[in-house]
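Below is one structure; the comments refer to it alone.
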Amino acid sequence: MGASGQTDAPEQSITVTDNRTGKTIVIPIENNSIPATAFKKLEKPKSENGSEREEDEIEAGLRVFDPGFMNTAVIQSRISFIDGTKGILRYRGYPIEVLSEKSNYLESSYLLLYGELPNAAQYKLFENEILHHTMVHRDLTEIIGSFRFDSHPMAILTSGLAALSAYSPDANPSLQGQNLFTRGTVESFQTMDKQIFRIIGKVSTLASMAYRIRQGRPFVTPPAGMSYTESFLYMLDHLNEPNYRPHPTLVKALDVLFLLHADHELNCSTASVLQVGSSLVDPYSAMASGCAALFGPLHGGANEAVIRMLISIGSPKNVPSFIEKVKRKEVVLSGFGHRIYKTSDPRSTIIRKIAEEVFAVTGKDELLETALTLRDHALKDEYFVKRSLYPNVDFFSGLIYRAMGFPLDFFPVLFAVPRITGWLAHWRQMMLQKGGVKIWRPRQLYVGEGEREYQSILERGEDNKAQLGSQPTKVPHNSSKRTFIARSKL
């Protein structure tokens, strides 16, 4: 009992006993987490009989094994909060539902980056700076223009972001000093902000260039007097029409989609940016690494997979048979479930409303009824309910992009353009964290061979136990018959 007669609060700690040695340690709990390094105290002397493997490093203490970071926090953050059980997403404390209704992409970007919503003067400065930095170097247009017409737009965008590094030596800590972004001076913040303005501004231009390569169309100079998303749509579609302006409904829909995709805590691409950024590489290279991570079908390509799935289903009448195939694990269900959300994805509800507004302008996508039928069946089926397989953000966003006329392989680009803000916000936070930047260097559990004795190549003989994947495979080459005949005579 405390002095006031009330029950004392429980101690914020856990007690761990190593049953191998009987050693007990007390680990403090802070923010409902414990430091993984505390387990290094549970070291154990080697047994005299040598039963432990040298590679297990038992004398260095326990390591925490967590494949895929299923329950490991690697950074403290103030940027976005997700409650997967309750279906909550907040940017800096603001519910995503409120921001999608009252804010816009650039204002929410300011919020993610600097921690507060801007006043009128702050927003004007931020918007003007970003729109002022949409032009790219002439040489970069030649680099982008050298890609094949059928190149994947994400490959072009990733390459373009990486190339920007070569045109910004003032942003490279390798050239300007390791504390370029961390010294905390006015000049340091100015340098950091300049790169943020450049990257947000230029990524939309690079994306539009990647889009127009396919049509063989010339690149469009970023326009003046338009909002960020309106300017992006203009650069995608403008030919030579006088006084051309994108449709306001599509501009608004894309702006909300950009807002919803701006950040999502420590996802794969954001973790990639921080992993690479922790080496103090320039921000352009770090952003390119995030773009590369987003390229993968398990991340940025998910909404594309939804459309391909719906196309394969065909019509609503085929949904029941498709559902049964999913249960038998014969086909993959895309657009349902989430690594974090265990009920509903709050972004999917917002996107469903946007879809109706877009379809009113473009006409309904013929796949919509198939999508709605699939959703209704899945929400009622115990198999999916028990596994928390509810529609996620990718389920309807792909339908909107398709209705707006975007090709499937451009969907990940439409994800990358707004997510650049989240990457920058997390990168900036890491640059400014107390104690400085610590390079990310995960540990591993080595389970391979122990020390082995080297044999010369003549002593090794043939490996009769070789299995597929344990040695190189013979790769077919696309040489012409003439080339093959010529080589065979050598």
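All figures in this text were calculated on a predicted structure; none of them were measured in a lab.
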### Side-chain touch P246/D237, heavy atoms, less than 4.5 angstrom
no

### Message
So that I can tick it off, tell me whether E304 and R308 are bridged by a salt bridge, with the cut-off set at under 4.0 angstrom between side-chain N and carboxylate O.
### Response
yes

### Heavy atoms of other groups near R138 CZ, more than 12 under 6.0 Å
no

#### Entry: Flag side-chain contact, heavy atom, 4.5 Å: I307 against F411
yes

### Cationic N near anionic O, under 4.0 Å, R245 to E230
yes

### Task
Please work out whether the ring planes of F197 and F126 are parallel, tilted or perpendicular, with thresholds of 30° and 60°.
perpendicular

### Heavy atoms of other groups near E116 CD, more than 12 under 6.0 Å
no

### Query
Are D282 and S285 close enough that a side-chain donor and a side-chain acceptor fall under 3.5 Å?
yes

### Task
Give the intermediate values and the outcome of salt bridge (Lys or Arg N to Asp or Glu O under 4.0 Å) for residues R402 and E366.
CA-CA 10 Å; R402 179 177 148 99; E366 62 267 24; 2.9 Å; yes

### Task
Output, in order, the C-alpha distance, side-chain angles, deciding distance and verdict of salt bridge (Lys or Arg N to Asp or Glu O under 4.0 Å) for E357 and K353.
CA-CA 7 Å; E357 297 173 4; K353 297 177 182 177; over 6 Å; no

### Query
Hey, mind stepping through Y110 and Y123 against ring-ring contact (aromatic ring centres under 6.0 Å, His included) and telling me if it holds?
CA-CA 8 Å; Y110 185 105; Y123 180 74; 7.8 Å; no

### Message
If you compare all heavy atoms of Y105 against all heavy atoms of V417, which two are closest, and at what distance to 0.1 Å?
### Response
OH-O, 3.7 Å

### Query
Does the cation-pi check pass for R387 over Y383, that is, NZ or CZ under 6.0 Å from the six-membered ring centre and within 45° of its axis?
yes

## Note on the structure
Here the pair of heavy atoms bringing D263 nearest to S80 is OD2-OG, 2.7 Å

### Task
Evaluate the criterion side-chain hydrogen bond (donor to acceptor under 3.5 Å, both in side chains) for residue pair D365 and Y401; output intermediate values, then yes/no.
CA-CA 10 Å; D365 191 303; Y401 294 146; over 6 Å; no

### Task
Answer whether the closest heavy-atom distance between the side chains of M209 and L140 falls below 4.5 Å.
no

### Task
Inspect the surroundings of CD in Q76 and state if more than 12 heavy atoms from other residues, nucleotides or ligands are less than 6.0 Å away.
no

### Summary
Closest non-hydrogen atoms of G145 and I213, given as atom of the first, atom of the second and distance, are CA-CD1, 3.8 Å

### Task
Would you give the length of the straight line joining atom CE of M226 to atom OH of Y244, rounded to the nearest 0.5 angstrom?
8.5 Å

### Query
Taking the six-membered ring of F149, is the NZ or CZ of R214 close enough (under 6.0 Å from the centre) and on axis enough (within 45°)?
no

### Query
What's the shortest heavy-atom distance between L259 and S108, and which atoms?
CD1-OG, 3.3 Å

### Query
Hey, do the aromatic rings of F410 and Y211 have their centres closer than 6.0 Å?
yes

### Query
Of the non-hydrogen atoms in A403 and F359, which two are nearest, and what is the gap between them?
CB-CE2, 3.5 Å

### Message
I want to check something: taking the side chain as every heavy atom from C-beta on, are I88 and I82 in contact at a cut-off of under 4.5 Å?
### Response
no

### Task
Heavy atoms only: give me the nearest R212-L239 pair and the separation to one decimal.
NH2-CD2, 4.0 Å

### Message
Could you walk me through whether H377 and F322 satisfy the ring-ring contact (aromatic ring centres under 6.0 Å, His included) test, starting with their C-alpha distance in whole Å, then the side-chain angles of each, then the deciding distance to 0.1 Å, before giving a yes or no?
### Response
CA-CA 10 Å; H377 274 68; F322 178 81; over 10 Å; no

### Task
Please state whether the rings of H299 and F415 are parallel, tilted or perpendicular, taking 30° and 60° as the class boundaries.
perpendicular

### Task
List the steps, then state whether salt bridge (Lys or Arg N to Asp or Glu O under 4.0 Å) holds for K327 with D381.
CA-CA 11 Å; K327 294 179 182 180; D381 195 300; 2.7 Å; yes

### Task
Step by step, work out the side-chain hydrogen bond (donor to acceptor under 3.5 Å, both in side chains) result for T270 and N267.
CA-CA 5 Å; T270 303; N267 51 79; 3.1 Å; yes

### Task
Could you grab the distance from atom CG of L374 to atom CG of L333, nearest 0.5 Å is fine?
6.0 Å

### Message
Quick test of your reading of the model: are R347 and D394 salt-bridged, counting only N-O distances below 4.0 Å?
### Response
no

### Query
Do R198 and Q195 pass the side-chain hydrogen bond (donor to acceptor under 3.5 Å, both in side chains) test, and can you show the C-alpha distance, the side-chain angles, and the key distance before you say yes or no?
CA-CA 5 Å; R198 280 176 171 173; Q195 312 322 312; 3.0 Å; yes

### Query
Should we say atom CG of D139 is surrounded by more than 12 heavy atoms from elsewhere, each under 6.0 Å from it?
yes

